[in-house]
Each structure stands twice: as structure tokens, then as C-alpha cells.
Amino acid sequence: MNLRSIPLSAWVGIAGIAITILCAIFAPVIAPYGERDVVGDIWLPAGGDFLLGTDNLGRDLFSRLVYGARTTIFVALAATVLSFSLGMILSFAAAVMGGFVDQLFSRFNDLMMAIPTLIFALVVLAVLPQHLWILILVMAVLDSTRVFRIGRAVALDVAVMEFVEAARLRGEGSLWIIFREILPNTLSPLLAEFGLRFAFSILFLSTLSFLGLGIQPPAADWGGMVKDNKDGIIFGISAALIPGAAIATLAICVNLVVDWLMKRTSSLKGGRGDA
Amino acid sequence: MESGPITGPVLTDGTAGETHPRPADLSGVPATPNPAAGTGAIGGTFWRRFVFRRPLAALVLQRLGLSVGLLFAVSLMIFGGIEALPGDFATTYLGQSATPQAVENIRKDLGLDRPWSERYLNWLGGAVQGDFGTSWASKNSVSEQIGNRLGNSLFLAFFAALISVPLAVGLGMLAVQFRNRMPDKIINVISLAAISLPEFFIGYLLIMFFAVKWGVATFPATVYDSMSFIERLSAIALPVATLVLVVLAHMMRMTRAAILNVMSSAYVETAELKGLGMFRIIARHAAPNAVAPVINVIALNLAYLVVGVVVVEVVFVYPGMGQYMVDAVTVRDMPVVQACGLIFAAFYIFLNMAADILAILANPRLRHPR
């Protein structure tokens, strides 16, 4: 793969993700004010002392946006990584063991997927105490059902290929077969799937926070910031739209990269390349 | 499907709905263990005879039964699964600092001192008859509240579906027609962006411009009983627009993919190579085979719509089920949460089932599991 083959849209996506991650890592350096400091009047317009104005309590919106990148990306990424590990391990186990284990996992997965994710999350979060790790865990478990389904399909698909059989006949162990034969050949679709799940996690976390069930104040996160500032909309104050735009931009950037990865996968498969 | 060419046509005839005297000889109906044995083998129970005579009806009944079973399992999960989670309703309800005596009182008050299996059976028995008990927070009947709000939610979802479905299918076909040219690329980029926008962002964006800046729409979208139909429609204009935008991109992309999938098959290439026009290929060759996946896409997105209603209702302060549920979750009003969860899940499951059944009806190949 050479860098020239990456289309412009994917570069835009990569740049957007990179900027957000840099903001998240160097938040204390970039942000002019503290995350929780009340620095001025409420809902000051953008410009002047405050780059994007202030929020409903008089905190600097730009600083909160930068710190919010930290929380949002950390929680979404943790949930995605966790759900991927969980889904992959269970799906490979199901595909390799087959029989009763496969049936048990698959049917339970079907049951989990029969309940809409948001509704399931609402029901579960109504019972559980509000902690960050519980939120991450709930998101990860709910999301892993999708990963499980993809992972199982992909693993079953590749496991019957000739080169896997050749490796088996060569006398390679099953760890070699999973990591050296199956994984490299499923990497591109799985990477695309990871991006897709990450984008979904960002949106899902923001939705939960917006509904008041995600990250709890006073910690800044983008969905919660929309919730905090939503009352200003009626007065024509756009403070709620800025974090909303940040969520949308990040999700679009991730999707642009995913789109390119998927196109790459489909052209590798030798299709007509337009799906 | 190695035996496709032989079994295909025969079975399609047999499943067309009429009672054929002997559709049996070649059919691979799954419930018949030994098809070669012919009519002698189909004594058996009523169900097996039924499967044999009317495979299609049997398949539909099977899906129906499966969905009811699934719904039952979901109810068990919503009630029992929650019971198994750590944490106690009474403690979470009162907060961490409650005295043991207060916790004990409220447990007795809410009937939590009885074993959970007894409470589950009570709850399920009530739910089947449409009685979901009383809310912990307001002490009102949950069913009464839901009765009012469910209608509102469905009203919203219905109009969103009415607008988005024809629009999505039309745009999807347009994108296929101009595949890889400018209109397709524009549609592709816009839909990619629309998928990435959170529902509440679209909602507030619309409020900001249409309600606040230009003043052409109303916010909040409250509806009450004395409103006329036209007033109601104008009240839900913005929520419906939001829902349409949210679901449109998904539906359109899936429609495009489904049609393109058909378009890249060998027989379409043959039609292209023998010189048929683009319109004729789409209308005569591709469309009949694309109907099944497109119907599937629509049903799946309607299921998505029912859930998407939750966030949109909160944004627009619309008195529907979604808002009721979110409010109940914040105050941990479990009877309401469970009732709403079950109803949302029921809609979701039955729309998914409808997608399944419609796909089977439209595509005879799906009627015979390999």
C-alpha cells in the first residue's frame, strides 16, 4: 500500500481524527481555562476573551470542548476495544469449537440483539449505579453482540480456505492458524468494522449523555454539553450546537476512513468494485 | 443449493397457496425425514401433515411462534435479568444514605419482599392483559399513561415512515442509475454525513433555523387532545423532519447496496452485453430480484424508527413513550421502565419478523433452508 493510493476523503478523515486525539492528549496545554472553572457571564457570544463563548454556567466553552474530547474519546475507545476483544474471543471460540458451544453463544446473541440497543441500555442503566466503568461495560457488552456476529461469519468463512488447510496439513498449531493465517486475511474487514463500531460508540455515548444517563457532570463530555446548553436554543444561542457539531465531525471523519477501508476490501475481493 | 434447478420450480408451484394433491415427490420440506419414501411417510402428527401440505403457511407460523417465544425470553430478560444485576431497587431508589429501616419499609411498600419468580409471573400475567401495574413515582396506572403516549409516538413514526420510505427508495434507485457519476457521489457523501449526525444535533439544528431564526415551525412540539388534526401535523413537522433525515440516509444506502448487489450479478451483465437499455435492465431484470432485499431494508428501518423516536421525543419535548421512558429511567421508576422496554422490544421484534416473512414471501429461494 502506498500513500498515493489513499483518496482525499480518507486523508480528511485521518486529519480530523488526529486533531481530535491531539486535543484529547494535550488538553491541559491547549485549553486556556480549566474544565470546571466559572470564568464569566453565562452564554457569552463567541469571540473576545472566549473563543467559542461561555456555557450555561459561565464556563469557557472551548476549554470544555477540549477536555470533553478527552472523556468522549477515552470512553468510546475503551468501550470499543473491550467490545471487540469480547466479541472476537467469543466468536472465534464459537467458530472453532462449534456444536453445543456455538449454538449456545449464537442463540444467546440472537436474544441480546432482539432488544434494541438504546432500550436495553436504558433498562440496564436504570438499575445499575452510575459509575464510569459500569457505563463502559454496558456499552461494550451491548456492542459486542454485533462484533460477535461479524467475527463468527468472517472466521467461518476464512477457516475453510485452501491456504488454511495447507497450513493445517503442514502441521501448524491452531494459534498459528488463527494469528498467521486467518487474522491477516480478515484484518481489513475487521479494521473497517472496528472503525464503524467506534463511530457508533461515539454516537451512542453522546446519546446516553444527552439523555442524562451517560457521563455525569461536572465532567465535560460532548453529549452532556449539548444537554447542558439545550435551553439556550430557544433564545437563539448556539452554544448547544458547537459540541453537537464536534460529535458529528468526529463521527464523519471516522466514517470517511471506514468507507475507504471498505472500498479497499471490496476491491481486494475482486468484485466489480462499485458496491 | 446444489439441487436448486430441480427443486426450485417444483416447490414454487407447491407453495403458491393452492392445495396441490401431490406436490410432494421432489420437495425437500425439512420436517419430512425421508422424502423419497413418498406419501407413505407423511402420516405423523397434524403439524407434520400441515408442513407438508402448506409449507409456506407453516414457515410463516413458525416465524410467528419464534417471535412470540423471543418476546417471552425478552420479558424474562427485562424482568429477571435485571433482578440478577447487582444493586437493590429499594437502595438505588432511595439513594445510598437511606437508613435500613426506610429501605425495609419501601421494600414492603413496593412488594419487593416477595420472591422474584412470583412477582415476575404476576407482572407477566398483568402485561398480557395490558396491565403494567402502578408507577412508583406517581402512583398512577402505567397502562393508562402508555395508552395515551403510545398513540402519539406511533403518529410520529407513521408520518416519518410515510415520507422517508418513498424518498429513500427513489434516491437509492437514482444513485444506482448514476452509479459512480456526480449525482451518486453527491448522494453518497451527503448520506455518509447524515449517518454520522446524532439525532439530537439534527433536531436542534432544525429548531435553531426553522423555529427560532425563521419562525416557520413550532417548538416545543407539544400535542394535546383538543388539538385539530392540522394543528397536530404542524406541531410534529420538525420532529418528523428529524426522523426522516435520520432514517433516510440509512435506508437509502441499504437500498443502493441491495440494488447494486443485484446489478453486479452475471445475468445483468449478460443483459448489458446483449445490448439492452439501462432502463429495461433495471425494470425487467434487476427490479424483480431487488424487491425482496428492498422490502427487508424498509422493515428493518421502520424498526429502527420506533427506537429513534426516543431521542427525538426528548429533544422536541413531545409527549410520547420515549420521553416517558427516559423520565422514568432518571428517577428509577422500574414498573414504567420495564413496561416501556417490553413494548419497544415488542415493536422491534415484530417489525423484524415482518421483514423476515416478507423476504420469504418475495424470494422463494429462502423458503427452503439448506
Side-chain angles (χ1 to χ4, degrees), chain A residues 9 107-108 110-130 134 199 202-204 206-207 210-213 222-223 226-227 229-230 233-238 240-241 243-256 258-259 271-275, chain B residues 70-71 73-74 77-78 81-83 85-87 89 92 96 179-180 188-189 192-193 195-202 204-205 207-208 211-213 219-220 257 260-261 263-264 269 303-304 306-308 310-311 314-315 325-326 328-330 332-334 337-338 340-341 344-345 348-349 352:
Chain A
S9 60
R107 293 295 82 78
F108 187 70
D110 287 348
L111 177 62
M112 296 274 286
M113 286 182 86
I115 309 175
T117 315
L118 181 62
I119 303 298
F120 208 149
L122 287 182
V123 172
V124 172
L125 289 175
V127 190
L128 292 174
Q130 283 171 332
I134 285 181
I202 294 168
L203 293 179
F204 191 54
S206 308
T207 303
F210 170 72
L211 295 176
L213 302 163
W222 292 348
V226 176
K227 177 190 163 71
N229 294 304
K230 67 178 178 183
I233 290 278
I234 313 168
F235 310 113
I237 293 155
S238 57
L241 295 179
I247 299 164
T249 316
L250 183 58
I252 288 175
C253 287
V254 175
N255 270 331
L256 282 175
V258 169
D259 207 44
R272 277 170 86 181
D274 49 12
Chain B
L70 200 57
L71 194 56
V74 166
M77 208 148 167
I78 287 182
I82 282 173
E83 210 84 18
L85 288 175
F89 287 153
T92 35
Q96 292 294 337
R179 173 176 18 146
N180 287 342
N188 193 27
V189 167
L192 192 70
I195 284 178
S196 319
L197 298 184
E199 289 107 332
F200 53 84
F201 182 58
I202 299 180
Y204 283 127
L205 219 53
I207 293 174
M208 189 71 184
V212 178
K213 287 234 163 102
F219 174 79
L260 266 187
N261 196 21
M263 293 294 283
S264 51
E269 204 165 347
Y304 180 77
V306 170
V307 181
V310 173
V311 176
V314 173
V315 169
M325 183 173 185
V326 171
V329 170
T330 31
R332 299 174 184 278
D333 189 347
M334 286 321 285
V337 174
Q338 282 163 340
C340 291
F344 274 120
Y348 193 74
I349 288 173
N352 272 310

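To find a chain, count down the sequence lines: A is the first, B the second, and so on, and within it residues start at 1.
- Among P243(A), S206(A), A240(A), G212(A), the residue with the largest count of heavy-atom pairs under 4.5 Å with chain B is S206(A).
- Here the shortest heavy-atom pairing between W222(A) and I247(A) reads CB-CG1, 3.5 Å.
- Applying the salt bridge (charged side-chain N to carboxylate O under 4.0 Å, His left out) test to residues at least two apart or on different chains, the pairs with a partner in residues 110-129 of chain A are R107(A)-D110(A), D110(A)-R149(A).
- In terms of heavy atoms, S196(B) sits closest to A251(A) at O-CB, 3.4 Å.
- For I195(B), the parts sitting under 4.5 Å from any heavy atom of chain A are the backbone and the side chain alike.
- In this structure, the separation between CD1 on I252(A) and OG on S9(A) is 12.5 Å, given to the nearest 0.5 Å.
- Residue L250(A) does not touch chain B at all, counting heavy-atom pairs closer than 4.5 Å.
- Among residues two or more places apart in sequence or in another chain, the side-chain hydrogen bond (donor to acceptor under 3.5 Å, both in side chains) test is passed with T207(A) by none.
- Note that K230(A) lies in the cation-pi zone of F210(A), set by a 6.0 Å cut-off to the ring centre and a 45° limit from the axis.
- Interface residue A73(B): backbone and side-chain heavy atoms are both found under 4.5 Å from chain A.
- In terms of non-hydrogen atom pairs under 4.5 Å with chain A, the most contact-rich of N352(B), L192(B), V311(B), I349(B) is L192(B).
- Chain B forms the most heavy-atom pairs under 4.5 Å with one residue out of A245(A), A199(A), S238(A), and that residue is A245(A).
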side-chain contact (heavy atoms from CB on, under 4.5 Å) between V310(B) and V326(B), worked out: CA-CA 8 Å; V310(B) 173; V326(B) 171; 3.8 Å; yes

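- Closest approach of I119(A) to G341(B), counting heavy atoms only: CG2-CA, 3.7 Å.
- Only the side chain of Y348(B) comes within less than 4.5 Å of a heavy atom in chain A; its backbone stays farther off.
- Only the side chain of L203(A) comes within contact range of chain B, judged by heavy atoms closer than 4.5 Å.
- Chosen from T249(A), L118(A), L122(A), the residue pairing most often with chain B at heavy-atom distances under 4.5 Å is L122(A).
- Heavy atoms closer than 4.5 Å to chain B are found in the side chain of F120(A), but not in its backbone.
- For L213(A), the part lying under 4.5 angstrom from a heavy atom of chain B is the side chain only.
- Contacts of I237(A) with chain B are made by backbone atoms alone, with heavy-atom separations under 4.5 Å and no side-chain atom involved.
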